[in-house]
Protein chains: 2
Amino acid sequence: MSSRLPPLTALRAFDAAARHMSFAQAAAELNVTPAALSFQIKSLEAHLGAPLFRRLNRAVELTEAGKALSTGAAEGFQTLAGAWRAAQRTQDTQTLTVTAGPAFTAKWLAPRLYEFAQAHPKVELRFAASLTLADLTRDNIDVAIRFSDSTSPDLYSLPLAEEWVMPVMTPALAAQYPTVESLHNAPLLFDESISFLKVPVDWSDWFNAMGAPFNPKLGPRFSQSDHAIDAALAGVGAVMGRRALVIKDLAEGRLVAPFPTALATGARFSFLCVKGMETRQQIAAFRDWILEEIKKTAQITENLTILEPSHS
Amino acid sequence: MSSRLPPLTALRAFDAAARHMSFAQAAAELNVTPAALSFQIKSLEAHLGAPLFRRLNRAVELTEAGKALSTGAAEGFQTLAGAWRAAQRTQDTQTLTVTAGPAFTAKWLAPRLYEFAQAHPKVELRFAASLTLADLTRDNIDVAIRFSDSTSPDLYSLPLAEEWVMPVMTPALAAQYPTVESLHNAPLLFDESISFLKVPVDWSDWFNAMGAPFNPKLGPRFSQSDHAIDAALAGVGAVMGRRALVIKDLAEGRLVAPFPTALATGARFSFLCVKGMETRQQIAAFRDWILEEIKKTAQITENLTILEPSHS
DNA sequence: CCCATCAGTTAAGCTGTACTTAACTGAGCA
DNA sequence: TGCTCAGTTAAGTACAGCTTAACTGATGGG
């Protein structure tokens, strides 16, 4: 083999040409003349000892060698560009991009956004709500809040509070159903996304745990937790609320949990960022602020009985 | 932001330096003087507007920006190197690297290797037996033979014969157990890897299908199919043999299938290569040869009843 | 049919990037 | 104290990579 790696400028020229399938456009992208590009490709072909493009009348097409090279080349340069952006991002102490699931974004982050802005007026927060997001560096994300099982070795991972679930509802609704048994007759809302938890727990599990078995089937179903909670906030019914998503509403009285027994889920949100980045100004500030916010609501949990899920 | 991508030579210099954590070693790797390398890093730092290394007395260490850049840079250059090797490989019509599972390698490829070498004396076959192999270009693999479900859009995928299973044994053993019922008393071998198939089928399923229900539990267990078949070849017992792995032994009489009823599994091996590469000389030759080999043994299948798996 | 146009190539010459050699700094160590 | 090691700086050089300008050859509209 000639060398471990060909001239990189030539490779980049090839990448652009392969992506556009046009030398002229590639030249425009790289801000060089078509002549220069033609030369680069030629030199790369000389290095390889074979043509990479088949020159047709008004177009070019990739040869086998070209096809073999193009995919990986595109991917490689994308990775490099992502890495470079990540490095640039470390120089920016103003902005902080956070990704979390839609429910956590809506019910945890958004309501507390004002307070964070107060505490850190210089930091500009950006959100990227999505359920799955693979690559932090690739997608220019600083921090992810996730139910994380697999923590890759080059991720910094800080587990946050454990997620339990318990029935919550508006104070008005709670007044109508003072006992667990009476709750059998209350309008029960179902949060289907709970089934994604490690140990799915729902109404029937909770009634069982309370010694008042009941297997409710009917009731509005919501595919996203935040929608179910919004419905409960509107007084539509009671819902099995996840800790992170309802604790602020509990603390501020919009919702109540009349029966102080919660079911543990084994799952917990984690604070994730690329290893080493946890010391960056905004990231550290954001992490500390999250921990502080969780601590603030800790006393609500103290009065609860939290039952481990039965492994029967 | 300064530019979409920094000078590539400088980036490569940084990559080498970050991998070795030493400018001198990096310079040696790139065959340049330490002075040149020092310059490159400096220029990269100028582009970024921040230092990438912290210069200590006898060592260097990465700054935050450096850490952010190093991982992606290493990955990016690795990808580029892999792509370049893939391109170089297309120029080589002599060698052909194939990956398959251990069982397929041992029981399908290996026994036919001589015949392929006869038909294509110029092609040098190489094998890479492994259960999972993610990236064909990265790992310098030309062809993969896999049970493929997810076919990525840039893979060429050719489904081969469907995989069924049926009891096979040596002729001597078969003589002792002439009926399905008598087979209940035969030494039965278990191939545990069958459980990885889409529709796991084993002895009890087969006896059920034959109308002679029996739920055998005892017998030697093998974690790899080829070992189970080797045991059967040694006359140790009967085994539920997968088509691809036993058909040559059946064709040549080392094993017999006394009861001509097989159970379909829904799974089939596929011939996989990077899209566009299927026209390369050796790859096309190998593919055509595989198809030919399968056709050769087709008449064995013609006399069989193949039962779809019951979906009860 | 012919000429304008478009996409890529070739040639000649210039510019600045990326290298070299050589001298320098400054910490660790015998 | 001076030697060595790792990285920096300075000065000079060579060639990679760019530009402009002219060329090829196929396409397609008028």
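A, B, ... follow the sequence lines: proteins, then strands. Residue 1 opens every chain. Scope of the values below: all heavy atoms of this structure, side chains included, with no hydrogens, waters or symmetry mates.
- If you measure from atom CG of B:Leu44 to atom P of C:dT17, you get 15 Å, rounded to the nearest angstrom.
- Each of A:Thr9 and A:Ala35 was matched to the nucleotide of DNA chain D holding its nearest heavy atom; the match closer to the 5' end belongs to A:Thr9.
- For A:Thr93 (side chain) and A:Gln281 (main-chain N/O), no donor-acceptor pair under 3.5 Å exists by modelled atom type.
- B:Leu8 places its CG atom 14 Å from the P atom of C:dT17, with the value rounded to the nearest Å.
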May I have the step-by-step check of salt bridge (Lys or Arg N to Asp or Glu O under 4.0 Å) for B:Asp142 and B:Arg280, ending in yes or no?
CA-CA 10 Å; B:Asp142 294 305; B:Arg280 277 177 62 202; 3.2 Å; yes
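- Residue A:Gln25 places none of its side-chain N or O atoms closer than 4.0 Å to OP1 or OP2 of C:dA7.
- For DNA chain D, the contact window with chain A, defined by any atom under 4.0 Å from a protein heavy atom, covers D:dG17 to D:dT27 in 5' to 3' order.
- Between B:Arg112 and B:Glu293 a salt bridge is recorded (basic side-chain N to carboxylate O distance below 4.0 Å).
- Look at CZ on B:Arg55: it is 15 Å from C1' on C:dG26, rounded to the nearest Å.
- Other residues, nucleotides and ligands place more than 12 heavy atoms under 6.0 Å from the CD atom of B:Gln224.
- Between the CG atom of B:Leu30 and the P atom of C:dA18 there is a distance of 13 Å, rounded to whole Å.
- Using a 4.0 Å heavy-atom cutoff across all strands shown, B:Ala36 reaches at least one base atom of the nucleic acid.
- Remark: side-chain polar atoms of B:Thr79 are not paired, donor with acceptor, to backbone N or O of A:Gly72 under 3.5 angstrom.
- In this structure, A:Phe53 atom CZ and C:dA7 atom C1' are separated by 13 Å, rounded to whole Å.
- One side chain, B:His20 or B:Glu29, offers a donor N or O that lies under 3.5 Å from an acceptor on the other.
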